[in-house]
Amino acid sequence: MLRAAGKRLLGAGLRPAGGGAGEATAAASAVAVVRRRGYHERVVDHYDNPRNVGTFDKDDPDVGTGLVGAPACGDVMKLQIRVDEESGRIVDACFKTFGCGSAIASSSVASEWVKGKQMEDAASIKNSEIAKHLSLPPVKLHCSMLAEDAIKAAVKDYEAKKAKLDKGNE
């Protein structure tokens, strides 16, 4: 099976002669070719080295949580923001994503981009900006849309918590 995949991906003339280690090298080269062709280097970077993976306590009043999903592909994304109450600035962000490489990369980029921004500025981040940054193909645009939705959901959750606390303190 590896031999057939190597032929298709590398071309019959590029496959090393012999078997054993040569086939393993061909398979590794095939994976590298697919990575280069299938995803932009930024997607691969954020997939291999995702930034800000983790969770915050969802009951913390300074934390907003956005949980979104795409039923069509099965991607689920949770983005959390920690907001400085005094300044309204997002001081930290983290995410957990179950999905493809583009979904993980989109989450990672979103978590980086929201840090240090005012909530209004973070909520104005568009999926098209994330998609352009990652050079996502049209078939993967839903991943950047999920990231945008997760940011907005986290901001909305934080604002709802604050409104509830403010109402309780009156």
What are the two closest non-hydrogen atoms of [X] and [Y], and how far apart are they?
X: G99; Y: I104; value: O-CD1, 3.7 Å
X: A93; Y: N52; value: O-CB, 3.3 Å
X: V68; Y: A150; value: CG2-CB, 3.8 Å
X: A147; Y: I130; value: CB-CD1, 3.8 Å
X: C143; Y: A103; value: SG-N, 3.6 Å
X: R82; Y: V63; value: NH1-CG2, 3.7 Å

Salt bridge (Lys or Arg N to Asp or Glu O under 4.0 Å) between D157 and K58, intermediate numbers included: CA-CA 10 Å; D157 180 61; K58 66 180 174 67; over 6 Å; no
Can you tell me how far apart [atom1] ([X]) and [atom2] ([Y]) are? Round to the nearest 0.5 Å.
X: D84; Y: M119; atom1: CG; atom2: CE; value: 11.0 Å
X: E41; Y: D48; atom1: CD; atom2: CG; value: 12.0 Å
X: L136; Y: R42; atom1: CG; atom2: CZ; value: 11.0 Å
X: K152; Y: S124; atom1: NZ; atom2: OG; value: 8.5 Å
X: E129; Y: N127; atom1: CD; atom2: CG; value: 8.5 Å
X: D57; Y: T65; atom1: CG; atom2: OG1; value: 8.5 Å

State, yes or no, whether a side-chain contact exists between [X] and [Y] at a heavy-atom distance under 4.5 Å.
X: W113; Y: I151; result: no
X: L134; Y: S102; result: no
X: V53; Y: F95; result: yes
X: I90; Y: V83; result: yes

K156 NZ: over 12 foreign heavy atoms closer than 6.0 Å: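 No.
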Within 6.0 Å of CD in E85, more than 12 heavy atoms from elsewhere: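 For E85, atom CD is not crowded (no more than 12 foreign heavy atoms under 6.0 Å).
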Set of residues satisfying salt bridge (charged side-chain N to carboxylate O under 4.0 Å, His left out) with respect to E159, sequence neighbours excluded: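 Listed in chain order: nothing, the list is empty.
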Shared hydrophobic cluster for I125 and Y158 (ILVMFWY, side-chain gaps under 4.5 Å):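 Linked, I125 and Y158 end up in one cluster.
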Path from V109 to M77 over hydrophobic side-chain contacts below 4.5 Å: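 Cluster IDs for V109 and M77 differ.
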Flag, side chain of K140 to backbone of S135, donor-acceptor distance under 3.5 Å: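 No: the side chain of K140 does not pair with the backbone of S135.
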Among S107, S106, S111, S108, the one residue meeting side chain to side chain donor-acceptor pair (under 3.5 Å) with T97: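 Exactly one pass, corresponding to S107.
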